[in-house]
Amino acid sequence: MKCNKCSQVIQESDQREHYGQILCEDCYMDALSPVRTCDPWAAHAAKSFEKHNNDPAVLNPTQSQILKILKETGGVEPEDLLRRMGDKITKPVLEREFATLKHMEKVRAEQKDGAVFLKIN
């Protein structure tokens, strides 16, 4: 059986049903918990955590690489960022990691000539 969203082959015991679609576990989790880049409560929580710990947020390797690329380039489109990361991550993973960095107020997205650019704050 294949996932209706990503076409990954999944075993019958690992399939999940969501609104009539058969999904793998990753796509099922994405469906249940979609990325929200504009989440004031998450941004408040991230900043409060950083403030009360008197320590900057610890970034995972993917987040560190995203920040490094954005610093080097001054800003890129999401597809370019994926390419520069060597296609090591998928677009949904990039969206989740970017949302986390946005909640920490380390990055932002802006429109430029009709395209979305990801930049350092």
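- Counting only heavy atoms from C-beta outward, the side chains of Leu101 and Leu67 approach each other to under 4.5 Å.
- You'll find the side chain of Val116 reaches within 4.5 Å of the side chain of Gln111, heavy atoms only.
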Review item, side-chain donor-acceptor pairs of residues 8-15, under 3.5 Å, at least two apart:
none

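- When every heavy atom of Val107 is checked against every heavy atom of Phe98, the shortest pair comes out as CG2-CE1, 3.4 Å.
- Rounding to the nearest 0.5 angstrom, the gap separating the CG atom in Leu94 from the OG1 atom in Thr62 is 9.5 Å.
- Taken from CG in Asp80 to CZ in Phe117, the straight-line distance is 8.5 Å, to the nearest 0.5 Å.
- Rounding to the nearest 0.5 Å gives a distance of 13.5 Å between CD of Glu95 and NZ of Lys102.
- Not counting sequence neighbours, Lys2 has no partner by the salt bridge (charged side-chain N to carboxylate O under 4.0 Å, His left out) test.
- Under the 4.5 Å side-chain heavy-atom criterion for ILVMFWY residues, a single connected hydrophobic cluster contains both Val93 and Leu81.
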Requested in this report: Please report the C-alpha distance between His18 and Leu32 in whole Å, then the side-chain angles of each, then the deciding distance to 0.1 Å, and finally whether the side chain to side chain contact (heavy atoms under 4.5 Å, CB included) criterion is met.
Outcome: CA-CA 9 Å; His18 184 69; Leu32 293 180; 3.9 Å; yes
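- For residues 63-72, the pairs satisfying side chain to side chain donor-acceptor pair (under 3.5 Å) are Gln63-Glu97, with sequence neighbours left out.
- Ile66 and Met85 get closest at one heavy-atom pair: CG1-SD, 3.8 Å.
- Side-chain atoms of Arg96 and Asp30, non-hydrogen and from C-beta on, do get closer than 4.5 Å to each other.
- For the atom pair CD (Gln21) and CZ (Arg16), the distance works out to 15.0 Å, reported to the nearest 0.5 Å.
- With sequence neighbours excluded, no residue forms a side chain to side chain donor-acceptor pair (under 3.5 Å) with Asn4.
- Within the structure, salt bridge (charged side-chain N to carboxylate O under 4.0 Å, His left out) pairs that include any residue of residues 107-120 comprise Arg108-Glu110, Glu110-Lys119 (at least two apart or interchain).
- More than 12 heavy-atom neighbours from other residues, nucleotides or ligands sit within 6.0 angstrom of CD on Glu77.
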